[in-house]
Amino acid sequence: MADSIMSKAATMEIPINSNGDTGTLPEDDSLEQDLQQVMVSGPNLNETSIVSGGYGGPAGGIIPTSTIKGSMNHNTGSTEEISRGVAVEKLDSVKKWGINTYKCTKQMFSEKFGRGSRTVDLELEAQIDVLRDTKSKYENILRLATALITHFQNMVQTQQALGDTFTDLSQKSPELQDEFGYNAETQKLLCKNGEALLGAINFFVSSVNTLVNKTMEDTLMTIKQYENARLEFDAYRSDLEELSLGPRDAAAMVRIEMAQHEYQHHRDKYERLRSDVSIKLKFLEENKVKVMHKQLLLFHNAISAYFAGNQQQLEQTLIQFNVKLKPPGSDKPSWLEEQ
């Protein structure tokens, strides 16, 4: 195939100058080396990119390297502009954060040392104090109830072991078979009732935990946002008051107008969060009464039935409050989880 190409190349006419004049190239070694170079490695694309036409074709089929470089420079410029815009935006955000932090810190110290005034909603503040006190007391109930579960579970496990021991001895001690048998049955019955009581107490703890660590905590998070908004509002209010007492030249009026805008923005935020807190406190109180009414009734009925030895009432209590007991050994990890 190379020989046929070489024979054709020896006689074909190709442009040899910029005017398009043609001529016949001699069959020399340089032409053969050039053609072999094209067939082996292709044309040199470092300087130009061939779109159409063959080796040595017309200039219309070639894209200058300067065009490619210009496109790359344009893309690089666009990327730099985007990066610069992002940097300016971040710098502006940091600047606003610094100014806001400074004003709030100044307001906080002014209030602490009695030199600044603060906005107070006496009724709302009282409700917030009650919520925090209630949450603290309910957390104490959770700690005590959890401790009761731990101690009572140890007792039930001891009763289970004692019942198994009595059963074993009743089979190995013919002279005391009945006595060991009675005690074994009693311990097994106490163990069964103890598991039912544990189920009721666990249900009580789970419900109170949801109320305290989810519902109340969610309301307290909103209260924290409200308190931060109150501090910001007072900080910008104090700033506006200070500017209003100063000179009234053109530059000062511009600053006062900007301060008025910031003051209104933070006032709207403060009013919105105050309304959110009031609504959440109202719904939280209703939910708390509903949940605790049910859970305290369950706790009382289950404890009373267990210690009165009323197994039927204990079972009815679990059914009434839809308490489902876990099957024995369900708390233990499976063999797959242990791997």
Side-chain angles (χ1 to χ4, degrees), residues 49 63-121 124-125 127-129 131-132 135 212-281 283-284:
S49 176
I63 301 176
T65 306
S66 59
T67 303
I68 301 175
K69 292 182 178 179
S71 176
M72 293 176 63
N73 291 335
H74 175 72
N75 293 336
T76 303
S78 300
T79 304
E80 290 177 354
E81 290 178 1
I82 294 173
S83 301
R84 190 180 299 110
V86 172
V88 170
E89 184 179 353
K90 288 184 178 180
L91 184 61
D92 185 57
S93 176
V94 171
K95 181 180 177 180
K96 290 181 179 179
W97 174 83
I99 294 174
N100 186 73
T101 302
Y102 167 75
K103 291 181 182 295
C104 291
T105 304
K106 179 182 176 182
Q107 176 66 24
M108 183 174 60
F109 278 104
S110 297
E111 293 176 3
K112 193 170 185 179
F113 292 105
R115 294 195 298 267
S117 61
R118 66 186 298 265
T119 304
V120 179
D121 187 330
L124 190 61
E125 294 291 337
Q127 293 177 2
I128 292 173
D129 290 340
L131 171 59
R132 287 181 170 135
K135 184 173 183 291
V212 173
N213 293 318
K214 291 187 178 180
T215 310
M216 289 185 178
E217 190 62 31
D218 176 72
T219 304
L220 287 173
M221 288 295 294
T222 305
I223 290 173
K224 185 176 180 181
Q225 294 174 2
Y226 156 75
E227 291 175 341
N228 291 337
R230 196 281 308 164
L231 183 63
E232 289 179 346
F233 165 64
D234 282 336
Y236 283 91
R237 176 183 56 80
S238 299
D239 186 49
L240 178 60
E241 290 173 355
E242 290 179 6
L243 290 173
S244 300
L245 296 175
R248 292 284 179 163
D249 55 13
M253 292 304 297
V254 172
R255 289 195 296 269
I256 290 175
E257 184 178 354
M258 294 177 61
Q260 179 70 35
H261 175 74
E262 292 291 338
Y263 163 80
Q264 189 63 42
H265 169 72
H266 287 90
R267 179 180 179 179
D268 293 342
K269 180 181 178 181
Y270 164 73
E271 294 290 348
R272 184 181 71 253
L273 284 170
R274 182 172 66 174
S275 176
D276 291 346
V277 170
S278 298
I279 293 172
K280 283 197 173 186
L281 285 172
F283 283 110
L284 174 61

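For the single chain, residues carry numbers from 1 onward in sequence order.
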Are side-chain N/O atoms of Asn228 and Glu232 paired as donor and acceptor at under 3.5 Å? no
Ion pair present between Asp234 and Arg230, side-chain N to carboxylate O less than 4.0 angstrom? yes
pair Glu217-Val212: side-chain heavy atoms closer than 4.5 Å: no
Minimum heavy-atom separation for Ile256 and Ser244, please, with both atom names. CD1-CA, 4.4 Å
Starting at CD of Gln264, measure out to CG of Leu240 and round the result to the nearest 0.5 Å. 10.5 Å
For residues Phe233 and His266, establish whether the separation of their ring centroids is below 6.0 Å. no
Indicate yes or no for a side-chain donor-acceptor contact from Ser275 to the backbone of Glu271 under 3.5 Å, with no hydrogens or angles considered. no
Test item: side-chain donor near acceptor, Thr222 and Lys280, under 3.5 Å: yes
I need the minimum non-hydrogen distance between Pro247 and Ala252, along with the two atoms involved. O-CB, 3.2 Å
Distance col, row Arg274:CZ vs Tyr226:OH, nearest 0.5 angstrom, shows 6.5 Å
Are Thr119 and Arg237 packed together at the side-chain level, in the sense that at least one heavy-atom pair is separated by less than 4.5 angstrom? yes
Separation of Glu227 CD from Tyr270 OH (nearest 0.5 Å): 10.5 Å
Answer yes or no: is there a side-chain heavy-atom contact under 4.5 Å between Leu281 and Ile128? yes
Between CE on residue Met258 and NE2 on residue His261, distance to nearest 0.5 Å: 8.5 Å
Min side-chain heavy-atom separation Ser278-Gln127 under 4.5 Å: no
pair Ile223-Arg132: side-chain heavy atoms closer than 4.5 Å: yes
How close do Glu125 and Val120 get, counting heavy atoms only, and between which atoms? CG-CG1, 4.2 Å
Which pair of heavy atoms, one from Leu243 and one from Arg255, lies closest together, and at what distance? CD1-O, 3.8 Å
Spacing of CD belonging to Glu241 relative to CG belonging to Asp239, to within rounding of 0.5 Å: 9.5 Å
Drop me the distance from Lys106's NZ to Leu231's CG, to the nearest 0.5 angstrom. 13.0 Å
